[in-house]
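To start, the structure itself, in structure tokens.
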Amino acid sequence: MSTTTDTPTRVSHPSYSEAFQQGVREEMTTNPDIFILGTDLVERGGHFAQVKGIAQEFGESRVKDSPISEAAMVAAGLGAAMYGLHPIIDLNFIDFSFGAMDEIINQAAKIRFMFGQPVPLVIRATSGVALGGAHHTNALEAFFASTPGLSLAIPSCANDVKGLIKTALRVPDPVIFLMHKKLSGVRSEITTGHQPIPFGKANSVRPGKDAAIITWSYTLFTALKAADELAKEGIEVEVIDLRTLWPLDEDAVDAAIKKYGRVVIADEAPKFGSLTAEIAASATERCNSDLKGPIVRVGGVRAPISANPRHSDAAIPTVAGMIEAVHKVMKY
Amino acid sequence: MSTTTDTPTRVSHPSYSEAFQQGVREEMTTNPDIFILGTDLVERGGHFAQVKGIAQEFGESRVKDSPISEAAMVAAGLGAAMYGLHPIIDLNFIDFSFGAMDEIINQAAKIRFMFGQPVPLVIRATSGVALGGAHHTNALEAFFASTPGLSLAIPSCANDVKGLIKTALRVPDPVIFLMHKKLSGVRSEITTGHQPIPFGKANSVRPGKDAAIITWSYTLFTALKAADELAKEGIEVEVIDLRTLWPLDEDAVDAAIKKYGRVVIADEAPKFGSLTAEIAASATERCNSDLKGPIVRVGGVRAPISANPRHSDAAIPTVAGMIEAVHKVMKY
Amino acid sequence: MAYTDLQSLLREMLVIREFEETADKLTLRGKVPGGMHNSSGQEAVAVGVMSALAADDVIATTHRSHHHTLAKGFTPNEIMAELFTKATGVSKGRGASMHLGDFKRGHFGGNGIVGAGVGIAMGAAMGIHQRGDKNVSVGFVGDGGLNTGRTWESLNMAVIYKLPFILVVDNNQYAVETFVGRVTGGNDPAKRASGFGLPSFNIDGNDVLEVQKYTAEARERAVAGEGPTFINALTYRYNGHNVGERGQYRTQEEIADWREHKDPIDRFTAYLLSTGDMSQADLDSMKASVHAEIEAAVAFAESSPEPDLSTLTDGVDSGLLGAK
Amino acid sequence: MAYTDLQSLLREMLVIREFEETADKLTLRGKVPGGMHNSSGQEAVAVGVMSALAADDVIATTHRSHHHTLAKGFTPNEIMAELFTKATGVSKGRGASMHLGDFKRGHFGGNGIVGAGVGIAMGAAMGIHQRGDKNVSVGFVGDGGLNTGRTWESLNMAVIYKLPFILVVDNNQYAVETFVGRVTGGNDPAKRASGFGLPSFNIDGNDVLEVQKYTAEARERAVAGEGPTFINALTYRYNGHNVGERGQYRTQEEIADWREHKDPIDRFTAYLLSTGDMSQADLDSMKASVHAEIEAAVAFAESSPEPDLSTLTDGVDSGLLGAK
Ligand SMILES: Cc1ncc(C[n+]2csc(CCOP(=O)(O)OP(=O)(O)O)c2C)c(N)n1
Ligand SMILES: Cc1ncc(C[n+]2csc(CCOP(=O)(O)OP(=O)(O)O)c2C)c(N)n1
Ligand SMILES: [Mg+2]
Ligand SMILES: [Mg+2]
């Protein structure tokens, strides 16, 4: 499977994948307990070059090539974490987590609660809709984020990849770390240097006056394009990137509601049961009086993803769909 | 693990588990393609007696004892379904579906879309919070119902168990069939005889005048108790059982909103990311003007389930919590 | 594809090779969304197995499945069109390279997930068993799938129910860039399988007649009610895991050694010429006709329409449950 | 528990038997929420293994784990209290019978999920390996877990990385009501395991010294960097799968045969008496002290407080990520 990048890149800055390398490298240097396990990591550096060169720098005891045994991979990370290490289990595509669901949901997520002891474990994978068809494009964000005991980071740019993975590697908790496959090669500036970025803090990516679109990961770029178009009509839309889905920055959501009363929440998961529902429903309970009308959700269609590119593009939020949603809230 | 039943039963009627036997027996008699595969089914009749006697009646070629191989169990059902059979895969506890997630989500759910051919497959399991601790009390309803290609039935009483399993066994689609463990022994009347009950049709279990509680499965009984209490205060609450979560009876939800403007949605899954969010958010988008105030959601705590009974009871919606929610919507 | 004579085995291997090399180039030119997994070098496994099967036997396979699908009798046209994600493709353009299949013709699908086809094929064998039919089901998996737990769950299930099932390991020795010996404890697939209680064989997967023979014997046992067989067919993939990939994980010498000395097509060609089962003239005309067939497939794929956007959410379920 | 002499092995087996039979009765009286899985008959597996381990060795186990946990050195008090879901229980009342554990003492948990403990123990072995520590990790699984794919994934991983790991099958021959031979292709666990490339043994799980010896040898290999060992210990469970269950799946004669002729405690008692390693007086006083210990545990559990309701959602995560 290959991936596509249709977002502009600037060559001088690190790519999204390289930012992951940077963050992991920095943490590995100071923390000898970190090691990485996954398929094709040593020579190839992972399918998205996300750990390229790290085995060469830190040795093969800290970057291990795994057989195709997802259950054992996560179990290895889990048991090692319980022993005191801080493993990164690289599942390549998040779809492959299906083979390790008990290890993730029933074991890793629950162990601290059950036994009162830490589980410092990062599970990294690519996510999101791209080419390749139905088996490689599952949206599992809602499932993981709604599992008590798991946290979930889903960065949209190199800077956030770096800062969030550094945080993930400093907390003694299981973290799901999802990197959108279509963003792998996108370059952008590291603005926060060697600093970790806290979970649960949204990022306002574009200022607005009239309404807000709340989103994350690849859909952010669709939202920004929509905002550009809307600006031409005189509608100024703030675009907010949640960056982590648990913890979730409810304060940022509430602030957007209070400021504009007109909010769109967008994500590429099939709309029915997407996290956009949770965000909208709970924010509505909290801030109904500040809303000029109901929050409008934009999501994917209820269908598996076709391998045909026109179809896979049409299955997720489009610029046109996003503009329509903003028009809807502007009518309130 | 044992289970508890704290709901009154009437001895003359079939239990919830026996109703499953009845429905399956009737369908097996007319459809030779139905067979059942799971652990400890032949002699024991399943851990909840849900298929007791069926092997003796139909023979061991139609009721098979399986090794503890959840991936292979679902794969067996899937491949056989693709070949034209109509298997029932009995996973015992839905928690064990973690071992078969790829087979369910990535394969069974997607195959009709990908290949245009039918997958007549029922996956049955018990669900819900009861005794036994964190590993046996996962709430997977939102995950399954939000997966394109899957349908999900979650009956609350013997009649619906029977009617819904009959429907599930007549459609060429993968159906997840969840039976709450605390309801296994509860007896109630079969009112629809040998008739299948359609999916996507809610059931109004108690009439109301002032507000509605929308719910399903075991939480229905908590809601009914709350309604009894509220009636003493003069508040008459309609209680609606959705019965299936996909298809979901949006018309019934919308009708309740239109009639009362005051709606509570309750479910025992941890509230964050529960299907109550989807139901509330999409209904609010559709019917905001009919709502006197935001839909109030009642859900479980964000924590794994403790094995301590007082804790596990407190982790899910209580009668008191439900009353509080109704009071809240009555204040609008 | 009907394998009526020895020449038809060779012709099918040539079709596969030409299909793959052609599709590979087209992929590099951007014609195949998502890329493809080239099976060049592994032709004898696909053709050897399929030539021992009956038309109504079932297969389920992997992400690398063009060779299995062609050998099962699917046309280059419908496969090439599927690679292009065209409406005329075997999966109506929804599947591309990894998701070829048509149950009605006994093909229960390629698969994006390592090991998933094993379970599906085992399930089909359970279906056959339930019906009392006299056909068999074959699951394909790569060497990478030897370390996936469900492969063993499924094999065990086939053993205990005596299902008419054959598990074929299309063992090209690498999973992406990982050598099988490095990640496979014991590194003896047949020994590993035999611990699950079934006849298990490590065979030469580059000898089409050996593959055919072991498959035929396994099929006989299966139809006779004697249960499953495990066949580990040793072979080699010439190209990168996905089109355009190279990597440093194996030497050019190793590749050259397999290409030059162990190629399944060269070996079988030499054999047929030496026995007189085929003349040089037969071979020349065979190659020409194969070439024309693949060229036609490309033209067919190119000229086929894309699936209509209005079909985006068609057929997610039967609709009989009333979902809107 | 320190296993300094032969008598201590017997005493520990007596503790387990008395604990289980006592807890069984209390469960029937409603004291143990969710029921419990009685290990009576399987004492020699637990004690044989633990007596060969060092204090800092790690174990991870199954839903049937009282015997492993006691033998690992946990007190009857903290386990009985846990069965009662009391705040003084080893898992603070959150775990009941299935979820005993304390990582700091090398117990990585019982488990509600068949096979899950194998993976956790393998992971602990990876942790040990990463640190260069000189201890080992032992995973327990029942015969039912022999057919769970991840058991084999984990074993394979231990082999290829040469992890200090021992997989012990506490093979009581039944998974709930399903006889192992009916669902386990080949029905030879050590043969199955040896196909994954590691030393594998079927042993007498009712002979505590045999279990101890095989475990000690496995431990030596593991510590020496030679990788994992598989030990299938044949034993028998006298009671139902869960308390109060009976079923028709095995004959009363079979149960009586194991109880009367193969009991691990009777066998070892007779041995110690015959060799003179123990006198009848030693035995009598041992039994009395064991009885008192378990009675005290019941009193402790009864009088312990329930966990406070205010702790309902405490410790789901570290809180360091700022979730409210
Ligand atoms: C469960 C799962 N894990 C990982 C992958 C990613 N992946 C795709 S193909 C492949 C290698 C498969 O190797 P092998 O089984 O030997 O087949 P080959 O590619 O050699 O034909 C991997 C790791 C996957 N598709 N599914
Ligand atoms: C993955 C999974 N499947 C099914 C179960 C239900 N279950 C609990 S114990 C058990 C039998 C286990 O048998 P075995 O492994 O032999 O252990 P034993 O009970 O004999 O100690 C089963 C089927 C489970 N807990 N986990
Ligand atoms: Mg391979
Ligand atoms: Mg057992």
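Below, chains carry the letters A, B, ... as their sequence lines are ordered, and counting in each starts from 1. Only this structure's heavy atoms are used, side chains among them; waters, hydrogens and symmetry mates stay out. What you are looking at is a predicted structure, and each value in this text was computed from that prediction instead of being measured.
- With chain A as the partner, the residue from C:Lys92, C:Arg150, C:Arg94, C:Glu82 showing the most heavy-atom pairs under 4.5 Å is C:Arg94.
- Taken from OG in C:Ser154 to CE in C:Met122, the straight-line distance is 3.5 Å, to the nearest 0.5 Å.
- Panel note: side chain A:Tyr16, backbone A:His180; a donor-acceptor pair is recorded below 3.5 Å.
- Classification of A:Lys182 and A:Glu268 as a salt-bridged pair fails, no side-chain N sitting under 4.0 Å from a carboxylate O.
- Cation-pi geometry between C:Arg250 and C:Phe179 is not met: the NZ or CZ atom fails to fall both under 6.0 Å from the ring centre and inside 45° of the normal.
- Using a 4.5 Å cut-off between heavy atoms, A:Ala314 touches chain C through backbone and side chain atoms alike.
- Heavy-atom pairs under 4.5 Å with chain A peak, among C:Pro307, C:Gly144, C:Gly95, at C:Pro307.
- Counting only heavy atoms from C-beta outward, the side chains of C:Thr178 and A:Ile68 never approach each other to under 4.5 Å.
- For C:Arg182, the part sitting under 4.5 Å from any heavy atom of chain A is the side chain, from C-beta outward, and nothing else.
- Contacts between A:Thr39 and chain C at a heavy-atom distance below 4.5 Å are absent for every atom of the residue.
- Panel note: side chain C:Thr311, backbone C:Asp314; no donor-acceptor pair is recorded below 3.5 Å.
- Interface remark: of the candidates C:Gln248, C:His99, C:His63, C:His99 forms the most heavy-atom pairs closer than 4.5 Å to chain A.
- Contacts of C:Asn111 with chain A are made by both backbone and side-chain atoms, with heavy-atom separations under 4.5 Å.
- Looking at A:Phe96, the atoms closer than 4.5 Å to chain C (heavy atoms on both sides) all sit in the side chain, from C-beta outward.
- Distance alone, capped at 3.5 Å, is enough to place a donor-acceptor pair between the C:Thr75 side chain and the C:Glu78 backbone.
- Between the side chain of C:Asn202 and the backbone N or O of C:Asn232 there is no donor-acceptor pair closer than 3.5 Å.
- When heavy atoms are compared at a cutoff of 4.5 Å, C:Val114 approaches chain A solely by way of its side chain, counted from C-beta outward.
- Residue-level contacts of residues 299-311 of chain A with chain C, in order of numbering, are A:Val301, A:Arg302, A:Ala303, A:Pro304, A:Ser306, A:Ala307, A:Asn308, A:Pro309, A:Arg310, A:His311; threshold 4.5 Å between heavy atoms.
- Taking 4.0 Å as the cut-off between side-chain N and carboxylate O, C:Arg64 and C:Asp170 do not count as a salt-bridged pair.
- Note that NZ of C:Lys25 and CD of C:Glu20 are 11.5 Å apart. Values are rounded to the nearest 0.5 Å.
- Remark: the backbone N or O of C:Ser304 is paired with a side-chain donor or acceptor of C:Lys86 at under 3.5 angstrom.
- Only the backbone of C:Asp308 comes within less than 4.5 Å of a heavy atom of chain A; no side-chain atom from C-beta onward does.
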